[in-house]
Amino acid sequence: VQLQASGGGLVQAGGSLRLTCAASERTFRSYGWFRQAPGKEREFVGAIVKSASKIYYGDSVKGRFTIARDNAKNTLYLDMNGLKPEDTAVYYCAAGNPIISYVSLSEGYSYWGQGTQVTVSS
């Protein structure tokens with residue numbers, strides 16, 4: 001399984017970006033986004049489970065970020081609005097079959113993309 005993340009870049013605070021994750025297979029129950037800033041632990045951004053019937057978001061991005069999934073294209077999206085400097089991180093997409101209590105944990109995912117850098121300037 002291969003996951004290819006793209007769409008990162010440099011944006012000013014308050015701006016928007018769309019990240020894309022192309023998956024080589026559509027065999028997993030959950031697809032998620034995580035991020036990791038320098039010197040910090042990997043943080044849960046959000047996940048979409050079971051054909052978009054359930055979507056979860058991390059507290060720090062609720063109301064600003066939106067996850068969507070195009071099953072026909074095997075593609076996951078992360079629309080980021082109202083970006084803040086603290087959103088600066090490498091963003092990773094992930095795929096797996098975590099139980100609900102592990103949806104927000106990196107341990108719940110078996111496959112990871114290579115990461116894409118998002119930098120938000122103040």
Side-chain angles (χ1 to χ4, degrees):
V1 177
Q2 293 185 348
L3 300 172
Q4 183 72 36
S6 61
L10 174 63
V11 63
Q12 288 188 335
S16 300
L17 277 176
R18 165 175 268 200
L19 303 185
T20 299
C21 178
S24 60
E25 300 179 20
R26 192 185 64 187
T27 58
F28 298 99
R29 186 168 58 243
S30 298
Y31 292 84
W33 289 99
F34 290 77
R35 67 186 183 185
Q36 189 164 19
K40 295 187 177 181
E41 293 186 352
R42 191 163 293 187
E43 178 188 14
F44 173 70
V45 174
I48 190 165
V49 180
K50 290 185 178 179
S51 301
S53 62
K54 295 182 180 179
I55 301 177
Y56 302 86
Y57 294 100
D59 289 341
S60 61
V61 305
K62 281 180 182 177
R64 299 188 298 124
F65 291 10
T66 302
I67 288 178
R69 178 176 167 180
D70 186 332
N71 289 329
K73 296 181 178 180
N74 289 350
T75 300
L76 181 71
Y77 302 99
L78 179 66
D79 288 314
M80 305 184 293
N81 297 306
L83 283 162
K84 305 175 182 180
E86 51 263 44
D87 294 319
T88 295
V90 177
Y91 284 70
Y92 299 90
C93 58
N97 296 309
I99 58 176
I100 293 302
S101 58
Y102 273 71
V103 166
S104 63
L105 302 178
S106 57
E107 293 86 346
Y109 297 83
S110 304
Y111 296 93
W112 293 82
Q114 83 287 4
T116 185
Q117 175 71 46
V118 172
T119 302
V120 184
S121 63
S122 57

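From a predicted model like this one, the values you see are computed outputs, not experimental measurements.
Two residues are said to be in side-chain contact when any heavy atoms from C-beta on lie closer than 4.5 Å; Tyr31 and Ile67 fail this criterion.
Checking side-chain atoms of Asn97 against main-chain N and O of Arg29 turns up a donor-acceptor pair under 3.5 Å. Judged by distance alone, with hydrogens and angles left aside, the side-chain atoms of Tyr77 form no donor-acceptor pair with the main-chain N or O of Thr66 at under 3.5 Å.
The stretch residues 86-99 participates, sequence neighbours left out, in these salt bridge (Lys or Arg N to Asp or Glu O under 4.0 Å) pairs: Arg35-Asp87, Arg64-Asp87. Under the ring pair (Phe, Tyr, Trp, His ring centres under 6.0 Å) criterion, the residue pairs touching residues 94-122 are Phe28-Tyr111, Phe34-Tyr109, Phe34-Trp112, with sequence neighbours excluded. Among residues at least two apart or in separate chains, there is no salt bridge (Lys or Arg N to Asp or Glu O under 4.0 Å) pair with a member in residues 88-103. Evaluation of the salt bridge (Lys or Arg N to Asp or Glu O under 4.0 Å) test over residues 108-122, restricted to residues two or more places apart or in two chains, returns none. Listed by first and then second residue, the salt bridge (Lys or Arg N to Asp or Glu O under 4.0 Å) pairs involving residues 14-24 are Arg18-Asp79 (not counting sequence neighbours).
For Thr27, the side chain to side chain donor-acceptor pair (under 3.5 Å) criterion is met by Glu25, not counting sequence neighbours. Here Lys62 pairs with Asp59 under the side chain to side chain donor-acceptor pair (under 3.5 Å) rule; sequence neighbours left out. Remark: Asn81 engages Ser16 in a side chain to side chain donor-acceptor pair (under 3.5 Å) (not counting sequence neighbours). With sequence neighbours excluded, no residue forms a side chain to side chain donor-acceptor pair (under 3.5 Å) with Tyr92.
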Which donor-acceptor pairs under 3.5 Å do the side chains of residues 113-122 make with protein atoms, sequence neighbours left out?
| unit_1 | atom_1 | unit_2 | atom_2 | d |
| --- | --- | --- | --- | --- |
| Gln114 | OE1 | Ala5 | N | 3.2 |
| Gln114 | NE2 | Ala5 | O | 2.8 |
| Thr116 | OG1 | Gly8 | N | 3.1 |
| Gln117 | NE2 | Ala89 | O | 3.4 |
| Gln117 | NE2 | Thr119 | OG1 | 3.3 |

